[in-house]
Amino acid sequence: MKLRSVLAILTTTSALGLSGCDVVYVSPSVDTYSQNLDIRVLPITAEGVLMANRAPYAPRSLPQAFSETAGAGSPRGLGALPEAPFIPTEAPGPMELRVPPATTIGPYAIGVGDVLRIATRVGGDTNGLTDTPAPVENLRQEYTVRDDGAIAIPEVGPVQVAGLTLEAAEDTIFQRLIEAGIDPTFSVEISGFNSKRASVGGNVNEPTLVPITLNTLDLGEALTAAGGINVDDAQYASIRIYRDGELYQIPLTDFYTRADLQDVTIQEGDAIYVDTSYDLDRALLYYQSQIDVITLRRTDRTTALSELQTEIGIRRSSLDEQRSNYLARTELGAEDRDYVYLAGEFIRQSRWPLPFEQQATLADVMYDNGGYNTETGNPAQIYVLRASSNPSEFGAVTAWHLDARNAVMMTLATKFEMRPDDVVFIQEQPITVWARTVDQFFPELFNASVAAVQ
């Protein structure tokens, strides 16, 4: 009898408790009725997404420090460095044209490593043994200019020729042959040009060192000697010439259309690089390797590279510090951010910061934070609550309603763009409301029932 009495009291009291609005669990929901707000509920459809996305919003931008690079500077001995990295777009910006200044090339000066070919006459003398003179032949011998700037001629000794023109070298050799009592009938020519070179690299078919000879070398000839240019799209490429600590640039489109650019005179020690991007690190590696090829003083090279590394290091440290300061200020709430608020049956109710420099969608918000509880959340009652920014509407609110019982409707969530201060609300399942009501009310109900039985 007592058990039946308890069950009867539980049933009767439950019915009374569940019917009382002041004592049972109150479930949040979206209701169009409000004394203070004008609320309208609109379905999230393909047309609704277009309408909602028309609300103006420009995502916040990151500070300049997050888009700058440390690779820029003009240290002594290297001159101006290449531009910052360039990412091609559908309409690439114009490249700057920096042409090397016109220079006057003097007569070729013999240098260390050059090879001289000296032709002398032999024969023509029979010492009176016959009336028919011996045939005269030319004896050709080659001599390489040594590190000390001299060539070694048998029976004559070393002859200094480095730094002399071909004509001056002939005069010097002539004088030394006279002094040695040797027939001064001879001729001199340069058979190997090894002392003066220009390097060609980058997007060419055969990177090479092009010798500077008696004839003037122009830019077009130097590139031809390297097998020609190998570039897919000329509008993104340029030819860079590194000379005497300065960096010059010729856009490839200009090079193809202007004959005067193809005739630019190349000098000893020039480094020519065909580049398809503004990748500073790659360009600097190339120029650094060419410093060992061209005739720069070793101390100046070391100093220039040290200054370059120091300047880039300082810039990189400054950028890192600016970025770190901004992130710290953001964590402490000292920087303005745009937020979306998550309410209802989310795994974790919170505020979600809108990303920088791009739009976020309803799907981003729902699933980046762990999604919602499918056991308690009602997929048919997903709302985006957006208050009107028009003062004349006196706080009107639009409740964009997504019915996701059909999972296909979630594709609309990937198109629905969020706006600052949006509230994403997921309502409870009807059974969840009942279960939570019973869960809160049952302990008191049971205690009251037991007391009544006793």
Side-chain angles (χ1 to χ4, degrees), residues 73-83 93-114 162-169 190 193-204 207-229 231 234-276 278 280 283-284 286-297 300-301 304:
S74 55
R76 180 182 65 81
L78 283 183
L81 300 180
E83 302 292 338
M95 295 185 187
E96 181 183 357
L97 174 63
R98 298 192 300 272
V99 183
T103 57
T104 302
I105 304 298
Y108 183 87
I110 298 172
V112 175
D114 285 344
L164 302 179
T165 63
L166 187 58
E167 182 179 354
I190 302 176
F193 296 89
N194 302 317
S195 63
K196 299 172 180 60
R197 297 181 180 181
S199 64
V200 184
N203 289 80
V204 293
T208 186
L209 294 176
V210 182
I212 306 295
T213 65
L214 298 176
N215 298 321
T216 302
L217 176 67
D218 60 41
L219 181 57
E221 293 171 340
L223 292 171
T224 300
I229 297 172
V231 171
Q235 65 178 335
Y236 298 118
S238 64
I239 302 171
R240 291 175 176 167
I241 302 174
Y242 179 74
R243 174 186 295 173
D244 298 332
E246 296 293 335
L247 189 61
Y248 304 97
Q249 176 175 274
I250 299 176
L252 195 56
T253 52
D254 293 341
F255 176 79
Y256 284 150
T257 57
R258 291 177 51 178
D260 61 316
L261 298 179
Q262 300 174 19
D263 294 335
V264 169
T265 301
I266 300 303
Q267 299 181 9
E268 171 192 1
D270 282 355
I272 305 167
Y273 191 86
V274 180
D275 201 357
T276 56
Y278 285 88
L280 174 64
L284 282 181
Y286 174 77
Y287 295 133
Q288 181 178 344
S289 67
Q290 295 311 308
I291 288 175
D292 294 328
V293 178
I294 62 180
T295 56
L296 290 178
R297 291 182 302 172
D300 286 344
R301 180 178 69 246

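Counting all heavy atoms, side chain and backbone alike, Gln267 lies closest to Asp244 at OE1-OD2, 4.5 Å. Shown here for Leu252 and Ala234, the closest heavy-atom pair between the two residues is CB-O, 3.7 Å. The two residues Ala198 and Ile266 come nearest to each other via the heavy atoms CB-CG2, 3.6 Å. The minimum heavy-atom distance between Leu209 and Pro211, with the atom names listed, is O-CD, 3.7 Å. Minimum interatomic distance between Ala237 and Val231 (heavy atoms only, all atoms of both residues): CB-CG1, 3.7 Å. In terms of heavy atoms, Ala225 sits closest to Val210 at CB-CG2, 3.8 Å.
Distance check, rounded to the nearest 0.5 Å: CZ of Phe193 to CG of Leu214 gives 4.0 Å. Note that the CG atom of Leu219 and the CD1 atom of Ile272 stand 5.5 Å from one another [nearest 0.5 Å]. Summarising the geometry, atom CD1 belonging to Ile250 is positioned 10.0 Å from atom CD belonging to Gln262; distances are rounded to the nearest 0.5 Å. To the nearest 0.5 Å, the span separating OG1 on Thr265 from CD1 on Ile105 amounts to 6.0 Å. A distance of 11.5 Å separates CG in Leu223 from CG in Asn203, rounded to the nearest 0.5 Å. Taking CD of Glu221 as the reference point, atom CG of Asp263 lies at 8.5 Å (rounded to 0.5 Å).
Note on residues 211-220: no pairs pass side chain to side chain donor-acceptor pair (under 3.5 Å), not counting sequence neighbours.
The side-chain contact (heavy atoms from CB on, under 4.5 Å) check on Asn194 picks up Asp114, Val115, Arg197, with sequence neighbours excluded. Residues satisfying the ring-ring contact (aromatic ring centres under 6.0 Å, His included) test with Phe255, not counting sequence neighbours, are none.
A donor-acceptor contact closer than 3.5 angstrom is absent between the side chains of Tyr242 and Ser199.
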* Please step through side-chain contact (heavy atoms from CB on, under 4.5 Å) for the pair Ile239 and Leu261, ending with a clear verdict. => CA-CA 11 Å; Ile239 302 171; Leu261 298 179; over 6 Å; no
* To do: May I have the step-by-step check of side-chain contact (heavy atoms from CB on, under 4.5 Å) for Arg258 and Val99, ending in yes or no?
  => CA-CA 12 Å; Arg258 291 177 51 178; Val99 183; 5.5 Å; no
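Between Ser238 and the options Gln249, Arg98, Glu96, a side-chain contact (heavy atoms from CB on, under 4.5 Å) holds for only Gln249.
Contact of the Ile110 side chain with the Ser195 side chain is not registered, since no non-hydrogen atoms from C-beta on lie closer than 4.5 Å.
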